[in-house]
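Side chains included, hydrogens not; waters and symmetry mates left out as well; all remaining heavy atoms used. Sequence lines set the chain letters: A, B, ... in the order given, protein chains first and strands last, and positions in each chain run from 1.
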Amino acid sequence: MIMLALHLLFGVVFLFPHGDLDLRIAEISQQIKTHPDSLPLYMIRGELYIQHEEYPKAKADFQTCLKNNYRNSRVLMGLGITYLFENLPDSSLYYVNEALLLEPDNTSALELKAKAYLQASRYCEAADAFQKILDKADHPAPLLFIETSAAYMQCDDAENLHSSISVLQTGLEKLPDNRVLQNQLIMQYRHAFMFDKALTLHASIIQKAEFKIRPYMERAVTYMEMGQYGNAKKDLQTALVEWETLPPRKKDLEAMKGLKEMIIYHLSTL
Amino acid sequence: MIKSNIILSYFAFLSVHASFAQLVPNNSVWHYYDLAQAPPDQSGVTWKQNTYDHSAWSSGPAQLGYGDGDEATVIGDTTLTGYFRQAFIVNDPGDYSGLDLQLTYDDGAVVYLNGEEVWRVNMPPGVIEYSTFASSTSPENAQASISLGNTLLNGTNLVAVEMHQRSASSSDISFALSITGVPAGGVALATRGPYLQSANDSSVIVRWRTNIPTQSILDYGLSTTSLTNSVSDTVLKTEHIINVSSLTPATQYFYQVRNTTDTIIFPATDIYFKTYPVPGNNTPLTAWILGDCGTANNNARSVRDAFYNYIGSQHTDMILFLGDNAYNDGTDAEYQTAIFQNMYEQKLKNTISWSCLGNHDGHSANSNTQTGPYYDIFSFPTAGQCGGEPSGTEAYYSFDFGNIHFIVLDSYETDRSVTGPMHMWCEDDLEGINADWIVALWHHPAYSKGSHNSDTETELKQMRENFLPLFESHGVDLVLSGHSHSYERTYLLNGHYGLSSTFNINTHTVGISGSGSGQVANDGPYLKAPVGPEAGDGAVYITTGSAGKTTAGPIDHPAMYYDAVVLGSCVLKINMDTLSVLFLRPSGAIDDSFVLVKDPDCVPGNACNDNDPCTINDVLDNNCYCQGTPDLRLVTSSADTGAGTLREAINDACDGDTILFTATVQDTIGLNSEISINKDLTIIADTSADIIVSGQLVTRIFHLLPGNELVLSGLTLHEGYHPSAGGAFLNEGILILDHTEFIGNMQGPNPKAWTNQNEIRIRQGNNYIRLE
C-alpha cells in the first residue's frame with residue numbers, strides 16, 4: 001500500500017511540467033478548500049495559473065474576486081494579462097485601464113497597456129504608453145527604448161521617424177556607449193537617410209571600442225548603402241587587419257572565423 | 001516576448017523594511033546539555049554563569065528538543081530537563097533601550113541573561129532543580145514573548161535556558177529563543193548587511209541598511225587598527241550604498257561603518273573586502289554557487305554550514321546566486337530572512353555577491369524599469385565598469401575576475417530571442433573579451449529533467465536554442481543554472497540544442513574523455529583545446545537548484561554524467577589552466593566533481609608524450625589529447641633467441657601491436673622452446689618471403705593463452721611437436737589464421753597441427769572460410 005502511494009505520488013510529481021509551480025497551485029487550492037471565502041487566495045492562484053499558462057482557470061479565479069467585490073489592481077491586471085494571452089486586446093485594455101484608474105503610476109500596468117495596444121495594432125497609442133513608462137522610470141532598460149522606438153516607427157504619424165530616433169537618442173543620453181542602442185540608432189539614421197549622423201556614431205563606436213573588427217565592418221555596410229564603396233572597402237580591409245592581430249586562441253573560435261567570413265563576403269561584393 | 005515581460009512585473013508587492021537588531025536569531029546554534037542531570041558545577045561556577053565553560057557540550061541549531069519530529073537538533077530523549085547556552089557579542093549596549101525575547105517552549109522554561117534569571121515561563125516559584133517539573137502541560141511548540149530592560153554587557157553576553165518536562169512520562173521537549181535589541185531613541189543600528197557588490201580591481205560597493213535615516217560613513221584600511229581612509233555620504237538614509245574606489249588590485253581592506261556620532265559596524269578580522277585581480281591576471285578563484293537557496297529555513301542553513309566547514313578560514317572570492325534567492329515572491333522581507341538575517345551574513349560581509357534573476361525574484365521585480373526588491377537590493381554593473389560590454393541594465397551584465405570572464409543573463413523576464421537586446425549585447429560582450437575562461441550563469445537550465453523539463457518549458461528551451469550556439473561558438477567553459485531543485489551535471493558537451501531524445505553521447509561530447517566523468521582519478525579530466533580546428537569546443541552545464549530545497553523529478557536527461565535530488569551547493573575553483581567544480585552535500589560529502597583542463601601550450605598536431613611505451617609518433621589531437629599510434633615490431637633475425645628475433649619481438653610487443661618481418665629474415669626460424677603469447681597480436685609475413693617457423697620436432701611452436709587474440713598471416717608453421725597437445729599450436733584464445741600453412745607437425749606419434757580449446761577462424765580475404 002505504501003509503495004503504491006509512493007508510486008502515485010511520484011507519478012503525479014513527474015507529470016508536472018512546471019516544477020514547484022504545480023506544487024504551489026496545489027497548495028493554494030488546498031487552502032481555498034479550507035477557506036473558500038478568502039478572496040486573496042483566488043487572486044494568488046489566478047496569478048499562478050497565468051504562469052502555468054492555464055488562462056481560463058486564471059480568468060475564473062479573478063472573476064470570482066470581482067464578483068465578490070474584491071477589486072484591486074492585481075486582480076484587474078491579472079484579467080488584463082489573461083485576455084492579452086488569449087489575443088483579446090480590447091478586453092485586456094478594459095481591465096488595464098481599470099487598474100490604472102486605481103494606480104495611475106503603475107508602470108507594470110502601463111507596460112501591459114502598451115503591449116495590448118501593440119497587439120491591437122494601435123501603434124501610436126502603444127508608443128504613448130511606452131513613452132509614459134520611460135518618463136516615469138528612473139532606470140529604464142535598453143529594451144524599453146527599443147520597444148518605444150519600434151512602436152513609434154509603426155505609428156502612422158508624420159513625426160514617427162523623428163520620434164523613433166529621438167527616443168533612442170534619449171536612451172543613449174541615459175545609457176552612454178550602449179552598443180545595442182547605438183546600433184539601433186544607426187539603423188534608424190540609415191532608414192531616415194541621415195547618413196552623416198550614422199557615420200558620426202560609427203566613428204564614436206570605433207574610437208571607443210577595444211574590439212574594433214565588427215564596428216569597422218558595420219560602418220562599411222553603411223558606406224555600401226551610401227554608395228561609398230571605396231570607404232567601405234577600406235573599412236573592411238581594416239577589419240581584416242584587425243582580425244589578423246587577434247591572438248591565435250581567439251582566431252580559432254568558430255564565432256571569430258564566422259566574422260572573418262562575413263567580412264570577406266562583404267569585400268567580395270564590392 | 002510579451003508574455004514573460006508582463007507576467008513578472010505586475011506582482012506589485014510593497015517592500016517592508018524590517019527594523020530590528022537581532023542579537024540571538026531564532027534558528028541560531030546553541031550548546032546543550034542532555035545527560036539526564038543538572039550540569040555539574042565547575043569549581044563553584046554554575047552552568048548559568050558567563051564564565052562556565054560549555055565547550056564540551058554538544059551543539060546544534062534551534063529548534064532543539066525531541067519527540068515532535070520537527071527539531072533541527074534532536075537532543076537525548078531520556079533527559080527530563082534540557083540545558084542550553086549561547087554567547088553573543090554586543091559592541092555597544094547603549095544602542096539598545098531594551099530587549100524583546102521570543103520563546104518556543106515545551107513544557108516550562110527559565111531564562112537567564114548574564115547569570116541572572118530574567119524570565120520564568122510555566123514553571124513553579126522557588127528553587128528550580130533538574131527534577132522540577134513544569135507547572136502544566138504546554139501546547140506543542142508553545143510561544144511566549146516578553147520585553148525586558150537592557151541588562152546587556154559590553155562585549156560577550158550569555159543567555160542560558162533550562163527547559164523542563166511536565167512529568168517523567170512527558171514525551172517531548174521543544175526549545176528555541178530569539179533576542180532582539182530595541183534600538184534606543186535616535187541610535188542607528190544595522191538591520192541588514194554589510195554586503196559587497198560590483199567589485200573590480202580598483203573598487204567595490206559596500207551596502208548596509210539602518211533602522212533610522214543616518215549618514216553613510218565607511219572607514220577602511222589595510223588592518224583593523226588602521227582604517228585610515230574614509231568615504232562618506234552625508235545625506236540621511238536607511239539604504240546605504242558606498243562606492244569605494246582607487247583601491248589596489250587583489251588587496252584585502254578591513255572596514256567599519258558609522259555615522260557622525262556612532263560606530264554601526266565595528267572593525268573585526270572578518271569585516272573586510274578584497275579587490276579583484278587585474279583583468280587578465282592568473283589568480284586562483286574560489287566561488288560558492290547557490291541555486292534556489294531562498295527557503296529561509298534549516299535546509300538552506302545546512303547547505304550553508306557544509307560550505308563553511310569545507311572552506312574553513314580560506315577566503316571566498318564570490319558568491320554566485322543563481323536566482324530564486326527568496327521564496328515565494330522575492331519581496332524585501334523574504335530577502336531579509338532568506339539571505340541577510342541568520343543566513344549568509346557571515347560571508348556577505350567579506351565576499352562579493354552576484355546574482356541572476358530567478359522566476360520567484362521576478363514576481364516582485366520589473367526588469368524593463370529595473371524596479372522591485374531584486375533591483376533595489378543588488379547593485380550590479382551596467383556600464384561595463386567591472387569588465388565586458390556595458391549592458392545598460394542590471395538584468396544582464398558581465399564582470400571579470402583576473403583571467404575569468406563571467407556573463408550573467410536574465411532567462412525569465414528579458415527577451416530571450418536572438419534578435420533581442422540581451423542576445424545582441426551578449427554577442428558584443430563575447431567578441432570583445434580575451435579571457436582564458438568564460439563562465440555563464442542564468443536561472444533556467446538549458447538541460448534539465450529535474451523538477452523542470454528542458455524539453456517542454458519555454459524559458460529553458462529558448463535559452464538552449466538561442467544562447468548555446470552563441471556561447472559555444474565563443475568557447476564558453478561552464479554554464480551554471482538552477483530552477484530545478486536537484487543537481488544535474490553534464491558531460492563535456494558541444495552542439496546539442498535539441499530535445500533530450502536527440503542527444504547522442506558520441507557526437508555531442510568533446511574529446512576522448514568528454515563522455516566520461518571528468519574526474520582525474522576515474523577516467524581523466526575533460527580537455528579543451530585553446531587553439532586549432534576544435535578550439536573552444538566543450539562546455540559543462542550544471543543545474544544546481546537545491547541549496548534550499550529539493551523537488552522530485554525523473555532526473556533522466558541523457559546528457560548528464562551525474563544527477564541526484566539532494567540538497568547541496570557547488571564550489572567552483574579556477575587556477576591557471578584548470579577549472580574544477582564539486583557538489584557539496586549538507587553532510588560534507590562530495591557527491592560529484594569534475595576537472596576541466598585547458599592547456600595554453602597545447603597546439604594540435606604538435607609532438608607530445610602519451611607515456612605509453614607501446615605507441616610511437618605521439619601527437620596532440622584536435623582536443624588536446626596526446627595520442628600515439630601502435631608501434632610496429634620488426635623481426636630482423638631468424639635466430640631462436642636474442643635481438644631482432646621473433647621471440648624477442650613477441651616478448652617486447654604491447655597489446656594490439658603488429659609484428660612484421662624484414663627482408664633479412666630468409667632462413668627458417670628454428671625454435672628450441674615454445675613461445676607463449678599473452679597479448680593481442682598480429683604477426684604478418686609476406687607470403688612471397690616464405691617465412692617458416694619450425695619447432696624442429698622438439699617443441700610446440702605457439703601457445704596462445706586465454707583472453708588473447710592472435711592473427712597469423714603468411715607464415716608456415718613447420719615441425720611443431722608436443723606429446724599430448726600440439727603439435728604446432730595450443731590455442732586457448734582466439735586464433736585467426738590467414739594464409740597460414742601447417743606442415744609436418746606432430747602430436748606424439750601422430751600428425752596434428754593444433755589443439756584448440758577455444759576458437760579458431762580461418763580467413764581468406766575479408767571472409768572466414770572455416771570456424772572451429
Of all heavy-atom pairs between [X] and [Y], which one has the smallest distance, and what is that distance?
X	Y	result
P142(A)	S391(B)	CG-O, 3.3 Å
N366(B)	S108(A)	ND2-OG, 3.2 Å
A535(B)	D252(A)	CB-CB, 3.4 Å
I146(A)	P421(B)	CD1-CB, 4.0 Å
T369(B)	A137(A)	CG2-CB, 3.9 Å

Is [X] close to chain B through its backbone or its side chain, or both, or neither, when contacts mean heavy atoms under 4.5 Å?
X	result
D138(A)	neither
I133(A)	side chain
L259(A)	side chain

Residue, of L470(B), T393(B), T371(B), N434(B), that accumulates the most heavy atom pairs under 4.5 Å with chain A: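 Sorted descending by pairs with chain A, the first entry is N434(B).
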For chain A, the option from G384(B), P530(B), P533(B) that forms the most heavy-atom pairs under 4.5 Å: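 Of the options given, most contacts go to P530(B).
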Straight-line distance of [X] [atom1] to [Y] [atom2], nearest 0.5 Å:
X	Y	atom1	atom2	answer
L48(A)	N328(B)	CG	CG	8.5 Å
L143(A)	E413(B)	CG	CD	10.0 Å
L430(B)	M256(A)	CG	CE	8.0 Å

Residues 598-605 of chain B: residues contacting chain A (heavy atom under 4.5 Å, by number):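 Hits under 4.5 Å: none found.
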Using non-hydrogen atoms only, which part of [X] is less than 4.5 Å away from chain A: side chain, backbone, both, or neither?
X	answer
E431(B)	both
Y396(B)	side chain
H360(B)	side chain
E394(B)	neither
K449(B)	neither

Donor-acceptor contact present, side-chain K250(A) to main-chain I433(B), <3.5 Å: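 Flag set: sc K250(A) to bb I433(B) pair under 3.5 Å.
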Q51(A) and N359(B) side chains, donor-acceptor separation under 3.5 Å: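 Result is no, nothing qualifies.
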E210(A), CD: over 12 other non-hydrogen atoms inside 6.0 angstrom: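 Not buried by this count: 12 neighbours or fewer within 6.0 Å.
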Contact listing (chain B partner; residues 174-182 of chain A; heavy atom under 4.5 Å):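 Residues of residues 174-182 of chain A touching chain B at under 4.5 Å: L175(A), D177(A), N178(A), R179(A), V180(A).
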pair E147(A)-N368(B): side-chain heavy atoms closer than 4.5 Å: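 The answer is yes, as the side chains (C-beta and beyond) meet within the 4.5 Å cut-off.
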Side chain to side chain contact (heavy atoms under 4.5 Å, CB included) evaluation trace for E427(B) with R214(A): CA-CA 11 Å; E427(B) 185 167 22; R214(A) 187 176 289 275; 3.3 Å; yes
Leading residue by heavy atom contact count with chain B [cutoff under 4.5 Å; candidates E254(A), K212(A), R249(A)]: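 Greatest number of close heavy-atom pairs with chain B: R249(A).
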